[in-house]
Amino acid sequence: MKLALILGDQLSTSLSCLRALDKTTDLIVLAEVSAEARYVKHHKQKIALIFCAMRHLARSLQNEGWQVHYHKFDAANSAQSLLDVVTAVSRQHRPIELVITECGEYRLHHEITSSWHDKLGIAVTVLPDDRFFCSKAHFAEWASGRKQFRMEYFYREMRRETGILMEGKNPTGDEWNFDSSNRRVYRGDPPLPAPPVYSYTDADNEVFDLVSEHFADHPGDLSRFCWPVTRAQAQTALNDFVHNRLPWFGDFQDAMTQGEPFMFHSLLSTSINCGLLSPREVCDAALEAYYTDIAPLNAVEGFIRQILGWREYVRGIYWLMMPAYADHNALGNKRKLPGFYWTGKTDMNCMREAFTNTFDHAYAHHIQRLMITGNFALLAGVKPDDICEWYLAVYADAYDWVELPNTLGMVMHADDGLLGSKPYAASGNYINKMSDYCKHCHYSVKTSTEHDSCPFNSLYWHFMTRHRDKFIRNPRMTMIYRSYDKMADSKKQALTQHATQLLDKLETL
Ligand code: FAD
Ligand code: DLZ
Ligand code: SF4
């Protein structure tokens, strides 16, 4: 007989390892273990989501006739890692082989491929994860010989290969990208639709109690838990998004509004990443909305680009560059992450809003992650390790393969521009333009060097001046340095002095 191990982010009945198994003889293992639940301080909602969804998948597989060994989290059990559980099950059932779909994270992938065969004394077969549009090998082929790996070119290649939003050889609407029409400021029209509410079972409630009891020291709480935990709920989420938010997704993709955590975003990353939805079916649903006039092209293209483009691209980069990628720190950052990232306590309203969403929902939308909490960490020169650990812990959709390139590469520019041709650094002006946060803030966005000036303003110029040698020859940054050079010396000095003072008292902002 064979064993298959299904991981907490592989919760799909069409997984490659299941296709290598025989229902009548083989056994599937799913295990809730401390090693996975504690390797960073995952938000309580992330652990609850994964455990609930694992339990539902186990039940579905049993209903389909599979034999399943399900290991529930038990603090008193001596088996606290995936290897412990597989070892115990192997001793009992004497399989000839362990089959597993390759892991999403390098950490576990390396552990399994380098040592499990010897430790278990049986064959360990790792099968490709074919839930992605682009295999690791195909991405490596695309990347080979290129000096720069620009997402936009990869995305066009994926469009051509899949035929998604293509009319023969040309992109639908004669443009590859409608980003320029996707920067509207949101002023309350149309009203923001509330996301769907799901009902949870007694089995889910058992998980919520378990997480509250054993992971009390982890961030966040469970009172606002609103994530799909079954495939049916995830399909409801997709349907709800396509009809109620996708039509405006493009227009308001970069907008932020006080007290509104979700805007017109899909909230689908948790379901896609843990396996409840496939990226293909999500793109198909968006395409269908375009062809049936439910959503316009700028929305559908903008949404598909995130999945067919960014999501596939960051996964490709991760597997191409790991393990060395995680150690990059191209800007030489040394500052430790300010404590308010974990407590949420700060007078900067934009940051507080992002933290509130994060702790309440294990969610923040992309522009909050990139241009608020990410931007601040970039400007303040936070160590990439610290900020990466934070993003991996606090979001319910976070797994190293997707979090690391986004944080280390896109936000922190720590990979020296492999992922982005210029850092996404911005002053308070950008935040004021794209949101109403500054109206509700203790700080003044209009000034830079007063005692109550927006910290983003002087920190922005401090960032630009301390990295001048690196960025001055970047053609996309010439204008920035030109306007700095035009400033009076007294203004430059005041900016430097004010930013230095802020950096010295960062914890108190
Ligand atoms: P939407 O805005 O509705 O986007 C649609 C879908 O596109 C998402 O569900 C997601 O599957 C995909 N997507 C969008 N942007 C990206 C991207 N940059 N990379 C990969 N996929 C993308 N996304 C994660 O799934 N997990 C993470 O751990 C993660 N960490 C991030 C860390 C930082 C610092 C930043 C800037 C972004 C990160 N992202 C991550 C990308 C993005 O912020 C989230 O995918 C998105 O906010 C999830 O919410 P949504 O489902 O409502 O997305
Ligand atoms: C994130 C996570 C958590 C919190 N718990 C488990 C678990 O108990 N069992 C499990 O199989 N997977 C869990 N996961 C997801 C894994 O960390 C993820 O599968 C690996 O990091 C590989 O991507
Ligand atoms: Fe954020 Fe500055 Fe605006 Fe306050 S004034 S909300 S700190 S950008």
Side-chain angles (χ1 to χ4, degrees), residues 5-10 30-40 42 46-47 49-51 54 71 73 82 85 102-109 151 215 241 245-246 249 253 262-274 279 282 302-315 346-353 363-374 376-377 387-388 391-392 395-408 410-412 424 426-432 435 437-446 453-457 509:
L5 174 65
I6 297 187
L7 301 170
D9 55 354
Q10 298 181 337
L30 286 115
E32 298 167 5
V33 289
S34 180
E36 293 307 310
R38 293 196 202 279
Y39 77 91
V40 288
H42 303 288
K46 179 178 178 185
I47 302 174
L49 157 61
I50 290 172
F51 285 8
M54 284 172 70
H71 178 94
F73 182 86
L82 292 168
V85 176
E102 63 192 347
C103 302
E105 300 196 347
Y106 181 86
R107 166 191 63 85
L108 190 59
H109 174 79
M151 198 295 287
F215 299 93
F241 166 66
R245 295 194 298 285
L246 177 61
F249 176 87
Q253 200 174 344
F262 308 127
M263 303 299 295
F264 293 97
H265 292 273
S266 69
L267 314 181
L268 293 175
S269 54
T270 59
S271 301
I272 306 173
N273 292 354
C274 80
V282 171
F303 179 72
I304 284 180
R305 178 157 21 98
Q306 307 310 313
I307 295 181
L308 183 63
W310 279 110
R311 187 171 186 273
E312 297 288 324
Y313 169 79
V314 298
R315 186 211 185 218
T346 167
D347 285 334
M348 292 179 280
N349 180 49
C350 54
M351 293 282 278
R352 205 169 49 227
E353 278 288 295
Y363 178 85
H365 59 74
H366 184 67
I367 215 71
Q368 287 183 313
R369 297 188 207 194
L370 181 65
M371 299 310 295
I372 307 286
T373 46
F376 188 84
I387 187 72
C388 289
Y391 278 104
L392 186 58
Y395 293 116
D397 60 18
Y399 300 90
D400 202 45
W401 67 266
V402 52
E403 174 276 322
L404 188 75
N406 269 298
T407 310
L408 187 137
M410 196 186 314
V411 162
M412 299 305 290
Y424 281 92
S427 68
N429 196 25
Y430 171 87
I431 297 169
N432 193 31
S435 76
Y437 291 157
C438 302
K439 282 188 209 145
H440 305 270
C441 190
H442 159 88
Y443 293 106
S444 163
V445 74
K446 298 285 173 213
S453 294
C454 168
F456 283 84
N457 290 343
L509 295 182

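FYI, the numbering just counts along the sequence from 1. Numbering of ligands and ligand atoms starts at 1, following listing order. Note that the structure is a prediction, hence the values are computed from the model and not measured.
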Practice task
Report, in ascending order of atom number, the atoms of ligand 3 lying under 4.0 Å from any heavy atom of Ile431.
Solution key: 8 (S)
Handout entry: Contact flag Cys441/atom 1 (Fe) of ligand 3, N/O/S atoms, threshold under 2.8 Å
Key = no
Exercise for the section: Have a look at ligand 1 and work out which part of Asp397, if any, has a heavy atom under 4.0 Å from it: side chain, backbone, both or neither. Expected result: both
Fill in the blank from the handout: closest protein heavy atom to atom 1 (Fe) of ligand 3 is Cys350 SG, 2.4 Å
Exercise for the section: Give the atoms of ligand 2, by number and element, whose distance to some non-hydrogen atom of Leu82 is under 4.0 Å. Expected result: 11 (O)
Practice task
Measure from atom 4 (Fe) of ligand 3 to each N, O or S atom of His442 and report whether any distance is below 2.8 Å.
Solution key: no
Practice task
Select the closest option to atom 52 (O) of ligand 1 among Trp401, Tyr424, Tyr363, judged by heavy-atom distance.
Solution key: Tyr363
Problem - Proximal candidate to atom 30 (N) of ligand 1 [heavy atom criterion; set Glu312, Met151, Arg369] - result: Arg369
Completion exercise
Among Ser269, Ser271, Ala364, closest by heavy atom to atom 51 (O) of ligand 1 is Ser269
Handout entry: Atoms of ligand 2, numbered as shown, that sit under 4.0 Å from any heavy atom of Ala31
Key = 7 (C), 8 (O), 9 (N), 10 (C), 11 (O)
Completion exercise
Quick note on ligand 3: atoms under 4.0 Å from a heavy atom of Cys438 include exactly 3 (Fe), 5 (S), 6 (S), 8 (S)
Problem - Asn406, Leu408, Ile304: member with heavy atom nearest to atom 31 (C) of ligand 1 - result: Asn406
Exercise for the section: Assess Trp401 for proximity to ligand 2: is some non-hydrogen atom of it under 4.0 Å away? Expected result: no
Handout entry: Tyr443 neighbourhood, listing ligand 3 atoms whose heavy-atom distance to it stays under 4.0 Å
Key = 5 (S)
Handout entry: Close approach of Arg107 to ligand 2, heavy atoms, under 4.0 angstrom
Key = yes
Completion exercise
So for Gln253 against ligand 1, with non-hydrogen atoms under 4.0 Å, the contacting part is neither
Practice task
Report yes or no: do Tyr363 and Ser269 form a side-chain donor-acceptor pair below 3.5 Å?
Solution key: no
